[in-house]
Amino acid sequence: DRHQVQAGPLIADPRNPAFGMPETYTIRASLQAAAAGGVPIEAQIHHTRVIRMVGHDPTMNEAHDGWGLSILERLRTPLRRFNSGHDHAEILIRDLGRASVTLKGLAELMAAGEEAVVRKRLELIKMCRSLLNMVLLGEDEQIDYAAPALGGLGELLLRFADQLSAATGIPITILFGQSPGGMGTDDASGMRNFYDDIENKQATQLQPALERVVTLLLSSQTGPTRGQVPPDWQIVWNPLESMNDAQRSEVDNRNAQTD
């Protein structure tokens with residue numbers, strides 16, 4: 001837990017590859033353990049014994065005492081706009097059936113304390129709308145239905161969806177299960193960028209961390225190889241895209257020629 005680990009002083013030597021990162025990390029017992037009367041536990045870990053997995057790599061001004069930023073930070077504003085846009089769209093749709101009623105002598109009736117008469121008349125209008133799908137109006141009475149402008153609303157909601165997609169880095173095709181707008185658009189470029197981003201993170205973040213963990217496991221005398229590290233081991237990632245028939249045929253032909 002982040003709150004049980006305190007980052008130590010930052011490395012100030014610019015020649016150090018870990019410049020700007022914490023030199024040590026101090027792990028303390030949880031508050032629950034301390035409250036239970038347990039023995040306080042405190043351990044100081046050097047940064048060379050730590051595998052850092054940072055959600056969003058911070059700048060020096062955003063370092064937060066050596067901690068990176070949560071990947072959810074950049075989603076707050078676009079997610080709030082997306083939800084707010086759909087909430088307001090729902091309100092506008094409900095307003096489509098909202099009516100305004102003009103009653104003859106309404107001001108005089110209210111001034112004379114005849115609220116019951118006004119309420120009874122409005123209830124009769126409401127009942128007629130519900131039962132007969134019609135409205136009975138007297139002389140100088142009028143009923144109008146609100147017609148809020150909905151032009152451009154759909155396009156605006158799509159823009160909010162685009163912002164959320166850009167913030168998450170996930171194409172609309174995957175995030176919302178629908179193709180982006182436009183004729184002949186299948187979001188192929190968005191999918192390709194998405195896969196490229198995943199491959200980049202696999203190579204620059206996950207691969208070094210996993211290689212270090214696996215190397216430590218193989219070097220252990222109690223590990224699966226009893227301390228003997230195989231010379232040719234490697235980490236192979238599953239393909240992100242499924243091959244189509246043409247690509248699969250090409251691979252089969254190449255393998256047949258190799259055999």
Is the NE2 atom of His46 crowded by more than 12 outside heavy atoms at less than 6.0 Å?
yes

Take atom CD of Gln228 as the centre, draw a 6.0 Å sphere, and report whether it contains more than 12 heavy atoms from other residues, nucleotides or ligands.
no

Please give me the minimum heavy-atom distance between Ile11 and Phe19, naming the atom from each residue.
O-CD1, 3.4 Å

Test of understanding: with ring-ring contact (aromatic ring centres under 6.0 Å, His included), list the residues that count as partners of Tyr195, not counting sequence neighbours.
none

For Glu115 and Met110, work out which heavy atoms get closest and say how close.
CG-CE, 3.6 Å

If every non-hydrogen atom of Ile172 is compared with every non-hydrogen atom of Ser165, which pair is closest and at what distance?
N-OG, 3.5 Å

Set out, in order, the CA-CA distance, both residues' side-chain angles and the distance that settles salt bridge (Lys or Arg N to Asp or Glu O under 4.0 Å) for Arg192 and Glu199, then state yes or no.
CA-CA 10 Å; Arg192 183 64 262 167; Glu199 290 174 349; 3.8 Å; yes

Go through the steps for Thr26 and Glu42 under the test side chain to side chain contact (heavy atoms under 4.5 Å, CB included), then give the verdict.
CA-CA 7 Å; Thr26 302; Glu42 181 173 313; 3.6 Å; yes

Rounded to the nearest 0.5 angstrom, the CD-NE2 distance for Glu23 and His47 is 6.0 Å

Would you kindly confirm whether Ile235 and Val213 end up in one hydrophobic cluster when ILVMFWY residues are joined by side chain heavy atoms under 4.5 Å apart?
yes

Would Leu157 end up clustered with Ile170 when hydrophobic side chains under 4.5 Å apart are linked, directly or stepwise?
yes

Ala209 to Ile51 - nearest heavy-atom pair and separation
CB-CG2, 3.6 Å

Has the side chain of Thr215 got a donor or acceptor atom that lies under 3.5 Å from a matching backbone atom of Glu211?
yes

Rounded at 0.5 Å granularity, tell me how far CD in Gln163 sits from CG in Leu158.
12.0 Å

Considering non-hydrogen atoms only, spot the tightest contact between Pro22 and Arg52 and give its length.
CD-NH1, 3.8 Å

Thr204 (side chain) donor-acceptor with Asn200 (main chain) under 3.5 angstrom
yes

Chi angles and distances behind the side chain to side chain contact (heavy atoms under 4.5 Å, CB included) call for Leu164, Phe176:
CA-CA 10 Å; Leu164 186 58; Phe176 295 106; 4.0 Å; yes

Please report the C-alpha distance between Leu206 and Met53 in whole Å, then the side-chain angles of each, then the deciding distance to 0.1 Å, and finally whether the side chain to side chain contact (heavy atoms under 4.5 Å, CB included) criterion is met.
CA-CA 8 Å; Leu206 298 179; Met53 301 297 291; 3.6 Å; yes

Heavy-atom pair with the smallest gap, counting every atom of Met191 and Pro171:
SD-CG, 3.7 Å

Transitively linked via ILVMFWY side-chain contacts under 4.5 Å: Leu79 with Leu156?
yes

Could you give the distance from CH2 (Trp237) to CD1 (Ile198), rounded to the nearest 0.5 Å?
10.5 Å

Can you check whether Ile45's main-chain N or O pairs, donor with acceptor, with Thr24's side chain at less than 3.5 Å?
no

Apart from Val236 itself, what residues make up its hydrophobic cluster, given side-chain heavy atom links below 4.5 Å?
none

Once you round to the nearest 0.5 Å, how far does CG of Asp162 lie from CG of Leu175?
10.5 Å

Measuring from Arg74:CZ to Thr168:OG1, what's the distance to the nearest 0.5 Å?
10.0 Å

Decide side chain to side chain contact (heavy atoms under 4.5 Å, CB included) for Leu218 and Trp233; before the verdict, give the C-alpha distance in whole Å, the side-chain angles of both, and the deciding distance to 0.1 Å.
CA-CA 10 Å; Leu218 296 177; Trp233 73 271; 4.0 Å; yes

From CD (Gln44) to CD1 (Ile27), nearest 0.5 Å:
10.5 Å

